[in-house]
Amino acid sequence: MSAHLTHEELTDNLLGVSSLTVNAHLLSCPACANELDQMKSSIAAFRGAAHAWSESAMAAERTVSFGHRLPNRSWTTANWILAAAAVILFAAGLSFYLRDRQTGNQVIGKQSHSVQVEAPKTVIEASQTQIEKDNELMSQVNREIAEAVPAPMQPLQISQSVASSVASK
């Protein structure tokens, strides 16, 4: 290669998507190899600066407004007590909910024996009615699809046929 590598070729090489010709050119061209090394060092410097910034930001968060450092432990005794209280309240609420739900199911089960004979009949009638409505809707859709000209455009078809019959006379 007589020309140097493009910026895209160098970037692809950094990303690990390089070709054999790019690798061969880097071995034979010190200018392109130097450019690639400068790009690598710039990225490494940026990575280091970003890491140092995040470390200093985390250290600043640990410092309170008076300049005292907070303890490194994140959970104090008060936090553990609040967490334990929350777990106990959740467990108690869940047990009351499940107990009420279970007693409610037992009451419903006792009441459903007298109504159980009539319920399937109404469900079957309702499903038959729904099936009839669905079939009627499908028939209407089929009629609309089968028409050569859609209903909103039928007046235009009539006016066109009248115009063509007048023109043929």
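This one's a predicted model, so the numbers in the text were calculated from it and none came from an experiment.
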Qualifying side chain to side chain donor-acceptor pair (under 3.5 Å) pairs, either residue in residues 132-141, two or more places apart: Q130-D134
Name each donor-acceptor pair under 3.5 Å that joins a side chain in residues 40-50 to protein atoms two or more places apart or in another chain, with its distance.
from	atom 1	to	atom 2	distance (Å)
S41	OG	D37	O	3.3
S41	OG	Q38	O	2.9
S42	OG	Q38	O	2.9

N/O donor-acceptor pairs under 3.5 Å from side chains in residues 29-36, not counting sequence neighbours:
none

With sequence neighbours excluded, what pairs up with S19 under the side-chain hydrogen bond (donor to acceptor under 3.5 Å, both in side chains) test? T21
In terms of heavy-atom contacts, does CG of L89 have more than 12 from other residues, nucleotides or ligands at under 6.0 Å? yes
Is N23 close to N13 at the side-chain level, that is, under 4.5 Å between some pair of heavy atoms? yes
Nearest 0.5 Å, what's the NE2-CD distance between H25 and E9? 8.0 Å
CG (L82) and OG1 (T77) are apart, to the nearest 0.5 Å, by 11.0 Å
Can you name the residues that form a side-chain hydrogen bond (donor to acceptor under 3.5 Å, both in side chains) with D12, not counting sequence neighbours? none
Roughly how far, to the nearest 0.5 Å, is the CG atom of L10 from the NE2 atom of H7? 8.0 Å
Hydrophobic cluster (4.5 angstrom, side-chain heavy atoms) - remaining members for V17: L15
